[in-house]
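As structure tokens, the structure follows; a few thoughts come after it.
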There are 2 protein chains.
Amino acid sequence: MVTLAEVARRAKVTGATVSNVLRNPQKVKPETVERVMAAIRELGYRPNLTARALAQGRTSTLALMLSNIANPFYPEFVLAAEREARKRGYFLLVCNTDDDPAITRAYLDQIAGTLAAGVIVMNTDLAERELVEVAGRGAAVVLCMWEHVQPTRALPCVTVDFAAAGALAAGHLSELGHRKFGALVGEGSGGPQTVRVAGFESGLAARGHAAKSLVAARTRDSIEGGYEAAMTLLRKHSALTALFATNDLMAIGAMQAAADLGKRVPDDLSVIGITDIQLSHQFRPALTTVRFPTAEIAARSITLALEMVEGTAPAQEMYAVRGPELVVRESTGPAPPRRRG
Amino acid sequence: MVTLAEVARRAKVTGATVSNVLRNPQKVKPETVERVMAAIRELGYRPNLTARALAQGRTSTLALMLSNIANPFYPEFVLAAEREARKRGYFLLVCNTDDDPAITRAYLDQIAGTLAAGVIVMNTDLAERELVEVAGRGAAVVLCMWEHVQPTRALPCVTVDFAAAGALAAGHLSELGHRKFGALVGEGSGGPQTVRVAGFESGLAARGHAAKSLVAARTRDSIEGGYEAAMTLLRKHSALTALFATNDLMAIGAMQAAADLGKRVPDDLSVIGITDIQLSHQFRPALTTVRFPTAEIAARSITLALEMVEGTAPAQEMYAVRGPELVVRESTGPAPPRRRG
DNA sequence: GTGAAAGCGCTAACAC
DNA sequence: GTGTTAGCGCTTTCAC
């Protein structure tokens with residue numbers, strides 16, 4: 001491995017100068033820069049980032065803690081996060097926690113403040129208190145997409161307006177003339193997605209729907225979970241004409257359940273989700289959903305972490321990005337004519 | 001930040017002993033171990049992995065270079081890779097290259113041998129020669145899933161039998177009585193997936209099908225690509241009763257094309273893919289496909305890289321994992337009765 | 001069984 | 001402008 005010292009020797013300067021050529025070239029005489037660059041080229045020198053990190057007291061690595069990257073939301077997030085990090089000269093460590101606090105803790109213990117200058121923590125089952133402690137160890141900690149976020153929290157948080165997303169879905173369904181609604185409430189990492197449902201309920205209320213026009217079911221936040229919950233709901237409540245899922249995966253499962261029950265989407269049943277993962281427009285019928293600005297959230301989380309790492313930490317505690325927006329596709333339509341009952 | 005020196009001071013030993021307690025406890029007197037552990041606990045000491053890496057001359061980080069993590073194959077791969085790495089005390093850097101050689105090169109230049117002890121390179125457009133050079137800089141380089149792999153190559157490679165996968169698909173379709181086949185050949189990272197098609201062709205030939213019973217079309221390896229290519233093929237060749245896609249994404253696109261053309265799958269048209277990504281069993285009709293042992297490939301890549309990093313590099317140059325296997329689901333069925341023509 | 005000392009490759013004052 | 005000098009926090013011989 002070629003070291004800075006060897007470059008220095010060859011260019012007949014000291015290490016300090018080589019270092020300067022690389023980091024503050026304007027401080028070095030042009031001809032020296034030239035000579036050093038030549039030596040670097042000839043020797044094929046590459047700075048050792050580990051050594052640099054140790055000397056600077058700061059690494060160029062960020063960690064992203066998420067529950068399970070196989071959940072289709074995360075790859076889209078990671079893609080955007082990694083691009084933003086790379087753009088700023090940082091690298092991204094991806095850490096799956098499997099929603100296991102022990103794994104989360106082990107990761108945090110090992111890398112926060114040593115291998116990783118900053119950590120972005122997506123929904124997790126860890127107590128916030130523990131994360132505050134991690135932050136105390138010298139790592140920039142930013143929370144991301146925590147649904148049950150308190151404005152008083154000690155850690156900065158990048159988030160979206162989950163309630164508004166639910167309300168948007170309610171508005172859309174209501175406008176289409178639906179009267180009986182089913183809600184599929186996901187239990188994901190970070191607990192049940194109740195804020196979205198609350199938003200949906202208040203959206204319904206705002207449009208004059210009675211509370212009993214809504215029936216809800218809790219389920220796992222997955223295609224399978226959505227399928228099962230929709231099956232149960234649809235069988236039990238034949239008057240339902242619209243299903244709201246707190247996440248796209250469940251909505252997709254719900255559409256499959258509808259198909260298996262011989263209900264056509266959207267003719268007999270409208271289905272709407274939240275997030276707008278890629279899958280949503282790839283499925284048939286294409287899913288109507290409330291889009292989260294995923295890439296923007298990811299990029300914002302990275303920049304926020306870096307601002308903290310690099311000491312230009314902004315004052316605010318919570319960062320909402322562009323709000324959610326309705327994306328109408330094929331899975332929602334006018335409420336079917338009422339059957340006489 | 002609590003350092004090893006502070007722990008040493010508190011435990012009234014030297015740094016060397018603290019280090020030994022952490023790494024070779026058997027070399028230290030039990031009561032000393034006890035005392036040191038107590039100090040560590042009281043101080044909340046965590047070893048600085050950056051410093052350790054510099055001192056040891058080896059990091060505990062591996063890098064995974066892939067074209068784009070939003071492609072559904074990769075998250076499944078990354079999940080398994082990260083778990084294996086974590087199990088062995090390593091961390092995983094995820095690097096998107098976007099199939100851009102410049103990005104790939106930049107990543108490699110920066111991290112190979114410094115931040116990352118090893119690099120797993122999935123299909124890439126980089127010349128192998130460049131990778132060999134990277135390996136020369138002291139990083140363990142392992143190739144993974146390269147379809148056009150030569151047995152003489154200089155770098156170890158973890159791969160599957162792509163040709164066998166194609167042949168398996170051919171056998172299945174042939175047994176179902178199909179006579180006219182269409183092939184959707186993907187152009188992904190790493191070039192066109194021609195080995196799979198070659199395998200498909202020879203599988204067909206082995207069962208006595210004439211070469212002209214197959215029509216092929218090149219397309220992007222994506223749902224959209226598969227959709228378009230299938231549209232073209234199905235419109236042009238009305239006698240086709242079976243479609244083979246070199247990847248599941250295209251197969252899914254093909255099923256959508258079939259639906260839009262009013263063809264029922266599998267009654268009018270059978271569709272088979274390769275890989276068995278999660279989506280394949282989630283889609284309706286569920287896709288028949290040839291499964292790659294994705295998690296196993298990922299784990300093997302990691303262990304191979306670590307064997308090299310840790311100096312126990314095995315002799316072989318190429319590592320095939322368990323072979324591909326046929327997974328029959330809903331998208332394939334008996335060839336429809338021949339229309340008179 | 002424990003300590004002293006050198007050094008991993010780099011950065012950052014500060015001196016010249 | 002460039003060099004000198006101390007480290008960064010840890011590991012690792014090698015004495016004792």
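Every value quoted in this text rests on a predicted model; they were computed, and no experiment measured them. Letters go in sequence order (proteins before strands), and every chain restarts at 1.
You'll find that the side chain of Ala55(B) is closest to dG9(D), out of dG9(D), dG9(C), dG3(C).
The shortest distance between the side-chain N/O atoms of Thr17(A) and the OP1/OP2 oxygens of dG3(D) is below 4.0 Å. Distances shown here put every side-chain N or O of Thr14(A) at or beyond 4.0 Å from the OP1 or OP2 atom of dT2(D). Distances shown here put every side-chain N or O of Arg52(A) at or beyond 4.0 Å from the OP1 or OP2 atom of dG9(C). For the pair Ser19(B) and dC10(D), the criterion of a side-chain N or O lying under 4.0 Å from OP1 or OP2 is not met. For Arg23(A) and dA12(C), the shortest distance from a side-chain N or O to OP1 or OP2 is below 4.0 Å. Between dT2(C) and Thr32(B), a contact under 4.0 Å exists linking OP1 or OP2 to a side-chain N or O.
Distance, Glu31(B) CD to dT2(C) C1': 13 Å, rounded to whole Å. Straight-line distance from the CG atom of Asn20(B) to the P atom of dT13(D): 11 Å, rounded to whole Å. Atom-to-atom, CG of Asn24(A) to P of dT2(D) comes out at 13 Å; the value is rounded to the nearest Å. Put simply, CD on Gln56(B) is 13 Å from P on dG9(C), counting in whole angstrom units. Computed from coordinates, the Leu49(B) CG to dT11(D) P distance equals 9 Å when rounded to whole Å. dG7(C) atom P lies 18 Å from atom CG of Asn48(A), rounded to whole Å. When rounded to the nearest whole Å, the span between CG of Leu4(B) and P of dG3(C) equals 12 Å. Across the protein-nucleic acid pair, Gln26(B) atom CD and dT2(C) atom C1' stand 15 Å apart, rounded to whole Å.
Two residues, Ala51(B) and Ala16(B), neighbour DNA chain D, and the one matched to the more 5' nucleotide by heavy-atom proximity is Ala51(B). Along DNA chain C, the nucleotide nearest to Met1(A) and the one nearest to Pro30(B) differ in position, and the one closer to the 5' end is contacted by Pro30(B).
Across Thr303(B) and Glu84(B), no two heavy atoms sit closer than the pair CG2-OE2, 3.2 Å.
Formation of a donor-acceptor pair under 3.5 Å by the Ser189(A) side chain with backbone atoms of Asp99(A) is not found in this model.
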task: Please assess Phe292(A) against Phe162(A) for the test ring-ring contact (aromatic ring centres under 6.0 Å, His included), listing each intermediate value before the final yes or no.
output: CA-CA 9 Å; Phe292(A) 282 165; Phe162(A) 291 96; 5.6 Å; yes
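Contact check on Asp100(A) versus Arg105(A) returns no salt bridge, with no Lys/Arg side-chain nitrogen under 4.0 Å from an Asp/Glu carboxylate oxygen.
Annotation: side chain of Cys95(B) is in contact with side chain of Ile111(B) (closest heavy-atom distance under 4.5 Å).
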